[in-house]
Structure formats: C-alpha cells, structure tokens
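Worksheet: the structure to be examined is printed underneath.
We use all heavy atoms of the structure for the numbers below, so side chains are in, but hydrogens, waters and symmetry mates are not. Worth saying up front: this structure is predicted, and the values here are computed from it rather than measured. Ligands are counted one by one from 1 in listed order, and the atoms in each one are counted from 1 as well.
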Amino acid sequence: MSLANSKTTNLQAIVRRPCPEIAQCALTYIERSPIHFETLKEQHRHYCETLKKLGLSVKVLPEDSSHPDSVFVEDPAVIFDEMAFLNRLGVPSRQGETLSLREHLSPYRSTHQITPPGTLEGGDVLQVDRKVFVGISKRTNLEAIEQIQIQLKSYDYEVIPLELKECLHLKTACTYIGQQTFILNPQWVRKDFFCSAFPQYKALTVHPSEPFAANTIKVGHTLITSASAPQTNQSLIAKGFSIQTLDISEVEKAEGGLTCLSLIFKEGL
Ligand code: CIR
C-alpha cells in the first residue's frame, strides 16, 4: 500500500548523505561510541525512502567529508514559507556547512544570513502555525533570536524564546505531533511554554526511560518516530496516532534524531 498522501505532495525534503568522518562528530551531552558507518548509510537510505513513500520529493546532496556533522542538514538553515535563514552554527566545526546549502535553497526562498555574534541552529526552531518557538541552548543565542524576530515580524510570526535544560536542541526536547498535541520531555523543557502559547492544546510526555523520544516528524497524518522509543510509541498508538517507526541507532550515537536529517518545506508557493 502506498503511504502517499495528497496533502504532502508539495513538500520537498533536502537531505545530505553521511560521511565516514561522522566518527569525529561534535558531541555535547552524550558519550562517544563507535558508529557503524555501513549501518548508518542503510538507515539514511531507509529514511529517504520513507519520506518518498509519504509523498515528499527528496533531494539528496552528496557527502561533505570536510564537515563530520553535515548529514544533520536541519541545523544550517531554517525555512519558512516566506523566506529562509542561513544560520551561523554554534560550534566552529560546523560553521562551514551553511555556505554549501545556500545554492540549494536560493531557487526556493529569499535568504537571510545570521551574523555574529548571533548563533542559531535549526534544531532549536519549532514552528507551529504563526508561532515560532526558539530554544536558547549551547548552540543558539539571544542575539540570533533577535535577528530572526526582526525578519519575521513583517510576516506576522510571533517568536517565543525558551530556556532548555541539558539537551542539545529544542526539538530534542519537544515536537508538534498534530491533533493539537505536543510531545515533550519535561526534564528538558517546560510544558507551560507551549500550553500558554496554545491554551487549548495538550502536551504528552515521553516515557521516562526514553528521554529522546520527543523528536518526531509529522508528515500529513503520519508521525515518524524512533524505534529506540518503544514505550512512548505504544502510548502514541494507543492515543490514535498513526506511526511509522525508523531505526536510527547510528544517528542517535552522533547525538542526532529524526528531524536533524532533513530540511522539509513547501515547494511551488
Ligand atoms: C552536533 O552536535 O551538532 C551533531 N553531532 C548533532 C546535531 C543534531 N542536530 C539536531 O538535533 N538538529
């Protein structure tokens, strides 16, 4: 059965193949453990196939060996319907990733470059309707948040900065899963930020033994979740969510999750 959903067919994803240098990836909150590169490539292929089956056009960029973390293409840019930000990443080893993305985004959006002392990573930005939550993290600072606030004001977005505790990015801690519901890890982000912005919405919490389970991707009516979070996944199924589970064990060893592997945006606006 095809998973394609007519509502998702104007979505474009940009991904980048992983490079073997990922063995030297940046790590902030987790210990280094060996990444099995062949398995990572297979998991990445499966991720791309899943997005295609869900109706997205997937553009696969070649590997970039000069940047060990370049598979995490979510971080160097943030794309809105009206414009895109080219980010200044929060770790020096990743700052060169932005340049090579610019040519791939300019056919779709006008771009705005985040400038020093601002640092911003896409993993810290969660857009829900006209509200844009931005995590203040080790990678994203208030100077960058001010820059996006200025740019987005003319498009009527509200930018809401929020503090994170002990996790890499906002979307490590929380994503929006549809049906007026967020999923989050309350150890890393406060529920009330979301509930006061959207008083009628619910916030589900991850199973306590699965701290990384809140990083999900919603495509149409399908929610892509990680196979490393079986208990959280079970409870989402029990609540009526339609789940597609992917094994991304090797991505998780690099402190990455599902959203980090793609930039997803509407094309043909
Ligand atoms: C890093 O530390 O930058 C990478 N090893 C992981 C980036 C994950 N990206 C994301 O959560 N958006």
Taking T225 as the fixed residue, which of I183, I177, I217, T245 is the one that meets the side chain to side chain contact (heavy atoms under 4.5 Å, CB included) rule?
T245
Less than 4.0 Å is my threshold; does some heavy atom of K171 fall inside it relative to ligand 1?
no
Nearest neighbour in protein (non-hydrogen) for atom 2 (O) of ligand 1
R139 NH2, 2.8 Å
Using a distance-only test with no angle check, is there a side-chain donor-acceptor pair under 3.5 angstrom linking [X] and [Y]?
| X | Y | answer |
| --- | --- | --- |
| T259 | N215 | yes |
| T172 | Y29 | no |
| T39 | E250 | no |

Does the separation of the ring centres of F133 and F194 fall below 6.0 angstrom?
yes
If you take the centroid of each ring, where Trp contributes its six-membered ring, are F80 and Y155 closer together than 6.0 Å?
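No, they do not, as the ring centres are separated by 6.0 Å or more.
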Atoms of ligand 1 less than 4.0 Å from H169 heavy atoms?
9 (N), 10 (C), 11 (O), 12 (N)
Proximity winner for atom 10 (C) of ligand 1, if only heavy atoms of G257, G123, C260 are counted:
C260
Proximal candidate to atom 7 (C) of ligand 1 [heavy atom criterion; set V73, L261, T259, D75]:
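Answer by nearest heavy atom: D75.
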Checking the N or O distance criterion of under 3.5 Å, is ligand 1 in contact with [X]?
| X | value |
| --- | --- |
| D69 | yes |
| R94 | yes |
| A254 | yes |
| E74 | yes |
| G256 | no |

Quick one: sort the Y176 and F182 rings into parallel, tilted or perpendicular, breaks at 30° and 60°.
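Correct class here is perpendicular.
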